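Below: the structure, in structure tokens.
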Amino acid sequence: MLDLLPVPAVAVSLEGGKFQFRALNRAFRLAGLGTVASESPLVRLLGSQLRRFIESEETQREISWQFGEEVDCRYFRVLFARRAAQRGSGRCLVTLVDQTSELRTEHSLRREMATDSLTGLPNRAGFSDQIEATIGPDEADSFAVLVVNLDRFSRVNACMGGLAGDELLISVARRLKGALRGRDILARMGGDEFGVLLTLDDGPGDALHVAKRIQAALATPFRLSDFEIRVDCSIGIALGSDNRGEPEDLIRHAQFAVKRAKTSGRTELYHTRAFDIAREQFSVETELRRAIENGDMTLHYQPICDLGTGKVVSFEALARWTTEGGVALSPNDFIPVAEESGLIVPLGRWAMGEAARTLAAWDLAAGGDCGVKVAVNLSAIQLQRDRIPEMVQAALEQHGVSGSRLTLELTESAIVTDPDRISQTMMALKDLGTTLAMDDFGTGYSNLAYLQKLPIDQLKIDRSFISGMLADRDKIAIVRAVLSLAQALGMQTTAEGIETNELAQTLAALGCTYGQGYLYARPLEPGAAFSLLGARNA
């Protein structure tokens, strides 16, 4: 009857404490499982489990069995079974289903899924598995994950093609492998990013030492076609002692440190506080998006006065925001978040429209032109991503305000990002009749060629040069030089940060045109700003 079964099967009995094969089929013999119980690997390796089953009250039990050496290992699903009436008889039937082919295919697929096809290194998933398998529950302090990001790989790929890019990645992988110790694990996590699992013998110093070796290994230019190309890298490190969570968290923290390394230009260790700051910024981004959509932002207006007459000639519009929790955030806190997230575009559009609406309301209250301009800041990111001339024109037309009533303030950094494109934008803004001012002059690139070529009407001298100027000869010399330069180029000047009459008088004597600061007023709500205008210009 057993020969009718398509799988190996044997009838086993336990007599006098010893196993006996009462019957077996041809498939059992061909599987190499023997014909005599005392010599069978089935009894030798599974005898204790078989004994426990026979002595139990169970009618069946299924187990997995790995049989053989690693190279020719075979995998079986083994079933011990008997009829209820056979309990206590010392007998059972053992059948085996060979799963070797299926499991080998599964292992092969898993290996392929965990391996980078280009370099043969573990990929992101494989790297995470290796971290999990290597780091025990109490061993995190002895390990670190290091992430290496190639800084110029995208340019190589774009200029020389995908084959050259693949060749470079293979060469980088070889050099990285050569820079590591035998027990370190190298992986390619995707694109131009590699990961390393380090064993630490002497704490974080080990990780920093390996990072230096990697940088030294990549310092020699790579030979690609007819070119020799230097590839720099940014390195971030996450220490296991700072991470008690999942392996994926350790990788993510190292990648977070890489982003900081790209900004700082040096190897960065992950710090929880930096991660907390990033989470806070995401929270700010979420609330800021809602505030813009719901119209919860406000503009305050700080007066800019003629230093000769003391009259208000303009107001600078400054964004203000109080969160849902009642916290008044400084623009220094939310403007960088807006720029990074792209929210600066809708925020800038709102500010332009609100400034034009306020100016129109002041004119209506004054019974005509109220006699001042409004200055609005344009972010470098906003200039890159938005169609500024069209946006400004739409705001002016919507509220019936002339372009001559608007001053647009740009920073030097905004200009140098894309000089040709920014030049076209500025020309289009001049065609609308607006005044263009360079904000925070002296703190950026200060390229005099831009001042000569671009249609800039005003220079705003940064408060860092104005504050404490009377007690600092160097600051006086810088301010005098800026004022002379502006006069030579036919530009007006505005000094920021004026807080005393003495400072205002000195700047007027030096030839500065306008002044702005707490001497005149802090940023005011629209109604208060209009009242100040009436009082000072009466």
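Only a predicted model underlies this, so the values are computations on that prediction, with no experimental measurement involved. Sequential numbering from 1 along the given sequence is applied to the chain's residues.
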- Message: Regarding D232 and K262, does a basic nitrogen lie under 4.0 Å from an acidic carboxylate oxygen?
- Response: no
- Note on the structure: Minimal heavy-atom distance between G342 and R385, with the atoms involved, is CA-NH1, 3.2 Å
- Message: Within the structure provided, determine whether F127 and M189 are in side-chain contact (heavy-atom separation under 4.5 Å).
- Response: yes
- Return yes if a side-chain donor-acceptor contact under 3.5 Å exists between E193 and Q255, otherwise no. yes
- Message: Tell me if a side-chain donor or acceptor on D98 pairs with a main-chain N or O of T100 at a distance below 3.5 Å.
- Response: yes
- Query: Do other residues, nucleotides or ligands put more than 12 heavy atoms under 6.0 Å from L163 CG?
  - Reply: no
- Item | Contact summary for A254 and A238, nearest pair of heavy atoms | N-CB, 3.6 Å
- Task: Considering non-hydrogen atoms only, spot the tightest contact between A173 and L186 and give its length.
- Result: O-CD2, 3.7 Å
- With a 4.5 Å limit on heavy-atom distance, are the side chains of L383 and L410 in contact? yes
- Task: Please test L200 against L239 for side-chain contact (heavy atoms from CB on, under 4.5 Å), starting from the C-alpha separation and ending with a verdict.
- Result: CA-CA 9 Å; L200 304 180; L239 301 175; 4.2 Å; yes
- Query: Would you say D462's side chain and S464's backbone share a donor-acceptor pair under 3.5 angstrom?
  - Reply: yes
- Under 3.5 Å side-chain donor-acceptor pair for D151 and S234: yes
- Residues E316, K460: salt bridge by 4.0 Å N-O rule: yes
- Item | N/O donor-acceptor pair under 3.5 Å between T322 side chain and G326 backbone | no
- Classify the ring geometry between F80 and F53 as parallel (under 30°), tilted (30 to 60°) or perpendicular (over 60°). tilted
- Considering all heavy atoms, the nearest R320-P523 contact: NH2-CG, 3.4 Å
- Query: Does the side chain of D192 come within less than 4.5 Å of L168's, by heavy atoms?
  - Reply: no
- Message: Quick test of your reading of the model: are E285 and R289 salt-bridged, counting only N-O distances below 4.0 Å?
- Response: yes
- side-chain contact (heavy atoms from CB on, under 4.5 Å) between R77 and I63: does it pass, once the steps are laid out? CA-CA 6 Å; R77 189 174 77 250; I63 63 172; over 6 Å; no
- Note on the structure: Between the CD1 atom in I185 and the CG atom in L198, the distance rounded to the nearest 0.5 Å is 10.0 Å
- Message: Just verifying a value: how many Å separate L79 CG and Q60 CD, rounded to the nearest 0.5 Å?
- Response: 5.5 Å
- Message: If you count every heavy atom of other residues, nucleotides or ligands that lies below 6.0 Å from R174 atom CZ, does the total exceed 12?
- Response: no
- Message: I'd like to check L343 versus V337 (side-chain heavy atoms, cut-off strictly below 4.5 Å). Are they in contact?
- Response: no
- With rounding to the nearest 0.5 Å, note down the distance linking CG in L180 to CZ in R175. 14.0 Å
- Task: First locate atom OG of S40, then atom CG of L33, and finally report the distance between them rounded to the nearest 0.5 Å.
- Result: 5.5 Å
- Item | Any donor-acceptor pair under 3.5 Å from R44 side chain to A37 backbone | no
- Message: Please find the pair of heavy atoms, one from N123 and one from A187, that lie closest to each other, and give the distance.
- Response: O-CB, 4.4 Å
- Assess whether side-chain contact (heavy atoms from CB on, under 4.5 Å) is satisfied between D206 and T199, documenting all intermediate values. CA-CA 8 Å; D206 273 1; T199 302; over 6 Å; no
- Task: Nearest 0.5 Å please: distance from the CG atom of L103 over to the CZ atom of R74.
- Result: 12.5 Å
- Exercise: do Q516 and T494 side chains pair donor with acceptor under 3.5 Å: no
- Query: What pairs with D474 under side-chain hydrogen bond (donor to acceptor under 3.5 Å, both in side chains), at least two apart in sequence or on another chain?
  - Reply: none
- Item | D116 side chain to T119 side chain, donor-acceptor N/O pair below 3.5 angstrom | yes
- Would you check, one step at a time, whether the test side-chain contact (heavy atoms from CB on, under 4.5 Å) holds for L42 with F67? CA-CA 9 Å; L42 176 70; F67 170 47; over 6 Å; no
- Is the shortest distance from a Lys or Arg side-chain nitrogen in E324 or R290 to a carboxylate oxygen in the other one below 4.0 Å? yes
- Query: Which pair of heavy atoms, one from F334 and one from M297, lies closest together, and at what distance?
  - Reply: CE1-CE, 3.9 Å
- Task: Taking T105 for its side chain and S101 for its backbone only, find out whether a donor-acceptor pair lies under 3.5 Å.
- Result: yes
- Do F194 and L146 have side chains that get closer than 4.5 Å, going by heavy atoms? no
- CD of E390 to CD1 of I388, rounded to nearest 0.5 Å, is 9.0 Å
- Would you check if L299 and W350 make a side-chain contact, meaning some heavy-atom pair closer than 4.5 Å? yes
- Message: Is it the case that the side chain of S330 and the backbone of N332 share a donor-acceptor pair, with hydrogens and angles ignored and the cut-off at 3.5 Å?
- Response: yes
- Message: Go through it in stages, so that I can follow the logic: the residues are R183 and D201, the test is salt bridge (charged side-chain N to carboxylate O under 4.0 Å, His left out), and I'd like the CA-CA distance, side-chain angles, deciding distance and then a yes or no.
- Response: CA-CA 12 Å; R183 61 183 181 274; D201 297 323; 2.3 Å; yes
- Would you say K475 has more than 12 foreign heavy atoms packed within less than 6.0 Å of its NZ? yes
- Message: Quick one: does any side-chain atom of R223 pair with a main-chain N or O of E228 as donor and acceptor, under 3.5 Å?
- Response: no
- Message: With a 4.5 Å cut-off on side-chain heavy atoms, are V258 and I235 touching?
- Response: no
- Does S467 use its side chain to pair, donor to acceptor, with the backbone of R463 at less than 3.5 Å? no
- Message: Take a 6.0 Å sphere around CZ of R181 and say whether it holds more than 12 heavy atoms from other residues, nucleotides or ligands.
- Response: yes
- Can you find a pair of side-chain heavy atoms, one from F76 and one from S64, that are under 4.5 Å apart? no
- Query: Is R266 salt-bridged to E268, cutoff N-O under 4.0 Å?
  - Reply: yes
